[in-house]
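Note that the numbering runs from 1 along the sequence shown for the chain. All values derive from a computational prediction rather than experimental measurement.
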Amino acid sequence: MTAALIGREHPASTLRAQLSRATASHGGLTLVTGEAGIGKTTLVSALADDAREAGALVLGGTCWESGAAPGYWPWVQVMRSLRREAAPHEWAAASSPALSALLGESPEAPADDGFQLPDSVTRALVTVAQERPVVVILDDLHWADPASLRLLEFAARHTWFERLLLLGTYRDVEVDAPSHPLHELMLPLVAKATTITLTGLDESGVAELMGRTAGADPGAELATDVHRRTGGNPFFVEQTARLWHSGSAVSAVAPGVADALQRRLSLLPARSPNCSPTPRCSVVSSRFNCSPPRSVRPPHRSTTCSRAP
């Protein structure tokens, strides 16, 4: 994988093993999870580069937060990629009336009976996988429409013995909440998948990322301070490093970080007896000071990989 990855040796190795298996014999479903800014997309993008070098066809789709996105939106992107990247004889063998409807190439609406369209998409991927390995990457599944997740489950259950690797990313801290609209739909996917959970970088990783971002060695003391304030979240670290490089204090809240923090806070209960409706955060950190003072800090977790039985 690309040398740009910092502190991700174990998850990168796990993904490489999944890719090797898919190119040699059979694939499966892999889910990369973690909070916003933790590096999920960076990790799977590196795998996509490796897959192309190995001769695999890489297809991708990204879910869209806006409710204006049409149904099956990530799969529309995947099928567009397939039509664009596949050889003419591959697309001729894979295409079907259901796919034409999905792509808006026929006056009929896509079939929505829960079987015909998932079966058509799955058959198209399997058909091409007979010619060469296929890797499908679906990013930001926490924003997917329910039908797209059901299609992913269908494909995962029906392609185990094919040279097809299905790879998805999502924010587990959001979807794992029972109140999330996709919580129940994600459970069977997690049960089927190899799951890679990304957490924050350690202090040495923070120092390396700061040095790469700012072009200067931050030193052990500053790296430790930034690690404490950011929890090792790569996005927070990069933004803080840019502030430091520009001469600002690392305690300042960098552009874009405030939105990420607000999303984190929105996951807390609407009312807490010890916090005001809008908690007053002192710094970018895994600790938040509320009124009256109280320290709230999630337990430390290390990067983990788990395989469904």
Side-chain angles (χ1 to χ4, degrees), residues 1-2 15-30 41 44-64 69-139 141 144-145 147-169 189 192-193:
M1 286 192 175
T2 175
L15 282 183
R16 283 195 297 267
Q18 298 295 307
L19 175 61
S20 296
R21 188 185 67 180
T23 56
S25 59
H26 67 281
L29 172 64
T30 299
T41 301
V44 300
S45 295
L47 179 79
D49 292 338
D50 286 354
R52 293 186 182 97
E53 291 180 2
L57 176 63
V58 178
L59 310 172
T62 300
C63 303
W64 186 244
Y72 297 107
W73 176 235
W75 291 105
V76 170
Q77 297 169 72
V78 168
M79 289 298 104
R80 285 176 178 173
S81 296
L82 178 60
R83 183 179 57 183
R84 182 176 61 250
E85 301 293 339
H89 73 279
E90 290 176 323
W91 177 249
S95 62
S96 68
L99 293 187
S100 296
L102 177 67
L103 295 172
E105 297 173 346
S106 72
E108 298 180 3
D112 197 20
D113 59 1
F115 180 82
Q116 183 179 348
L117 182 58
D119 181 55
S120 296
V121 170
T122 301
R123 282 193 294 108
L125 296 173
V126 168
T127 297
V128 178
Q130 303 302 308
E131 301 278 340
R132 49 178 164 162
V134 176
V135 177
V136 175
I137 300 175
L138 300 176
D139 204 14
L141 287 174
D145 59 290
S148 290
L149 287 187
R150 294 189 184 98
L151 199 160
L152 177 58
E153 181 187 2
F154 184 98
R157 290 184 179 276
H158 291 83
T159 60
W160 179 257
F161 297 105
E162 307 295 339
R163 293 192 301 167
L164 171 64
L165 177 60
L166 300 168
L167 181 58
T169 73
L189 291 172
K192 184 75 174 175

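Across every non-hydrogen atom of A22 and L165, the tightest pair is CB-CB, 3.9 Å. Contact between A56 and V135 at its shortest, heavy atoms only, is CB-CG2, 4.3 Å. Closest of all the heavy-atom pairs between Y72 and S148 is CA-OG, 3.1 Å. The two residues Q116 and A98 make their nearest non-hydrogen contact at NE2-CB, 4.2 Å. The minimum heavy-atom distance between A48 and I137, with the atom names listed, is CB-CD1, 3.8 Å. The two residues G71 and V76 make their nearest non-hydrogen contact at O-CG2, 4.4 Å.
Using bins of under 30°, 30° to 60° and over 60° for the plane-to-plane angle, the ring pair F154/F115 lands in the perpendicular bin.
Here the side chains of L189 and K192 are not in contact, with every heavy-atom distance at 4.5 Å or above. Between D50 and L15 there is no side-chain heavy-atom pair separated by less than 4.5 Å. You'll find the side chain of P74 reaches within 4.5 Å of the side chain of D145, heavy atoms only. Residues L59 and L125 meet the side-chain proximity criterion, which asks for heavy atoms closer than 4.5 Å.
Remark: L138 CG to T169 OG1 distance equals 8.5 Å, nearest 0.5 Å. Separation of atoms CE (M79) and CG (L99) is listed at 6.0 Å; rounding is to 0.5 Å. In this structure, E85 CD and L57 CG are separated by 6.5 Å, a value rounded to the nearest 0.5 Å. Taking OG1 from T159 and CG from L166, the interatomic distance works out to 5.0 Å, rounded to the nearest 0.5 Å. Here the CD atom belonging to Q77 is positioned 7.5 Å from the OG atom belonging to S81, to the nearest 0.5 angstrom.
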task: Give the C-alpha distance, both sets of side-chain angles, the deciding distance and a yes or no for side chain to side chain contact (heavy atoms under 4.5 Å, CB included) between V44 and T30.
output: CA-CA 10 Å; V44 300; T30 299; over 6 Å; no
task: Test side chain to side chain contact (heavy atoms under 4.5 Å, CB included) on D49 and R52 and set out the steps.
output: CA-CA 5 Å; D49 292 338; R52 293 186 182 97; 3.6 Å; yes
message: Pair F161, V126 - check side chain to side chain contact (heavy atoms under 4.5 Å, CB included), show working.
response: CA-CA 10 Å; F161 297 105; V126 168; over 6 Å; no
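Shown here is W91, whose CH2 atom has more than 12 heavy atoms of other residues, nucleotides or ligands within 6.0 Å.
For the pairing with S120, the side-chain contact (heavy atoms from CB on, under 4.5 Å) check across P97, S96, S95 returns one residue only, S96. Checking E162, R163, E90 one by one against Q130, the side chain to side chain donor-acceptor pair (under 3.5 Å) holds for a single residue, E162.
The cationic group of R80 does not satisfy the cation-pi geometry with W73, failing either the under 6.0 Å distance to the six-membered ring centre or the 45° limit from the ring axis.
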